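Everything on this sheet refers to the single structure shown next.
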Amino acid sequence: MINRYTNKNVVITGAAGGMGFEMARRFGNEGASVVILDINQNLLDQAVQILHDEGLTVTAFALDGTDAHAVARVFGDIGTHFSSALHVLVNNAGIIDFGGIEETDLDTWNRVMAVNATGTFLCSKYAIELLKIQGGAIVNFASVAAVVGIPKMAVYSAAKAAVVGFAKQMAVEDAGQGIRVNCVCPGTVADTAIGQQILGTDRSDAAMQKRLQKYPIGRFGHPEEIEEAVLFLASDAASFICGVVFAVDGGMTAA
Ligand code: 1HS
């Protein structure tokens with residue numbers, strides 16, 4: 001086991017389940033003290049229990065990342081909790097909705113933009129003061145949908161493109177303060193909540209083949225392949241990587 005995160009403090013949003021939870025486990029197993037954030041208090045309690053039982057150092061705060069006052073308060077509490085610096089923020093929280101431009105209503109647009117883009121903005125805004133203390137890294141979850149057009153993903157594409165643009169902007173603004181900011185752009189990972197929504201109900205061979213045609217590597221991603229990219233980008237091994245849009249997509253955006 002490598003131990004890239006001994007004495008490092010890490011915050012992960014949307015981490016009560018799925019890849020956020022698995023990243024908390026990975027950071028913890030590599031020595032980090034981890035704070036997990038999520039809107040769902042019950043799932044957070046369960047997640048903390050599981051990770052405590054595994055001997056990991058994990059604390060949870062319930063948070064709606066779109067609520068500016070709540071984000072400010074929780075990051076204040078995180079500063080007190082760590083009583084020192086924050087080293088890593090992973091902006092993992094995100095949702096998807098489907099529809100072309102004409103099918104997308106304003107409420108859907110605002111909700112998807114809020115969770116993906118505004119949440120990333122607010123958590124980053126209030127994390128920076130803590131990240132500046134010793135230097136650190138932010139990793140944003142964007143998507144292949146941020147860099148190529150995908151039918152029926154009008155607002156998701158726009159929201160993830162905002163996440164990419166904001167990451168580049170932060171990278172330029174904060175690099176001088178010792179904070180590296182990068183994005184991962186995952187392709188479809190079947191074994192996640194969003195992956196299941198993307199694959200929908202038509203799991204016929206024909207439908208799956210059509211989706212897989214976009215992936216030169218011939219399959220969808222595995223969660224651990226995305227998680228590993230995030231842990232790399234957040235680590236000192238990536239010390240000269242700043243402001244990149246890091247596709248983890250089996251060649252999908254190269255095709
Ligand atoms: C979930 C991740 O952001 C992937 S977006 C959908 C990609 S595709 O496989 O439907 O083209």
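Start at 1 and go down the list; that is how both ligands and their atoms are numbered. Residue indices begin at 1 and follow the sequence shown. Everything numeric in this text was worked out from a predicted model, so none of it was measured.
The aromatic rings of F246 and F232 sit tilted relative to each other, their planes meeting at an angle between 30° and 60°.
For atom 7 (C) of ligand 1, the nearest protein heavy atom (residue, atom name, distance) is T188 OG1, 3.3 Å. Closest protein heavy atom to atom 5 (S) of ligand 1: S143 OG, 3.4 Å.
Only side-chain heavy atoms of K214 come within less than 4.0 Å of ligand 1; its backbone N, CA, C and O stay farther off. Contacts of F220 with ligand 1, taken as heavy-atom pairs under 4.0 Å, are absent altogether. Only side-chain heavy atoms of I194 come within less than 4.0 Å of ligand 1; its backbone N, CA, C and O stay farther off. Residue contacts with ligand 1 for I198 involve side-chain atoms from C-beta outward but no N, CA, C or O (heavy atoms, distance under 4.0 Å). With a 4.0 Å heavy-atom cut-off, ligand 1 is reached by the backbone of P186 but not by any atom from C-beta on. Using a 4.0 Å cut-off between heavy atoms, M153 contacts ligand 1 through its side chain alone, with no backbone atom that close.
Electrostatic pairing of E103 and K152 counts as a salt bridge here, judged by a charged N lying under 4.0 Å from a carboxylate O. Under a 4.0 Å N-O distance rule, the pair R4/E228 qualifies as a salt bridge.
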Is there a side-chain contact (heavy atoms from CB on, under 4.5 Å) between F21 and L43? Walk through the geometry before answering. CA-CA 10 Å; F21 173 77; L43 287 178; over 6 Å; no

Verdict with reasoning, E224 to E227, per side-chain contact (heavy atoms from CB on, under 4.5 Å): CA-CA 5 Å; E224 52 272 23; E227 295 153 20; 4.0 Å; yes

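Side-chain contact of Q49 with D53: a donor-acceptor pair under 3.5 Å is present, judged by distance alone.
Short contacts between ligand 1 and G187, defined as distances under 4.0 Å to a heavy atom of the residue, involve ligand atoms 2 (C), 4 (C). Heavy-atom contacts of M252 reach the following atoms of ligand 1: 11 (O) (cutoff under 4.0 Å).
When the side chain to side chain donor-acceptor pair (under 3.5 Å) test is applied to D45, the partners found at least two apart in sequence or on another chain are Q41.
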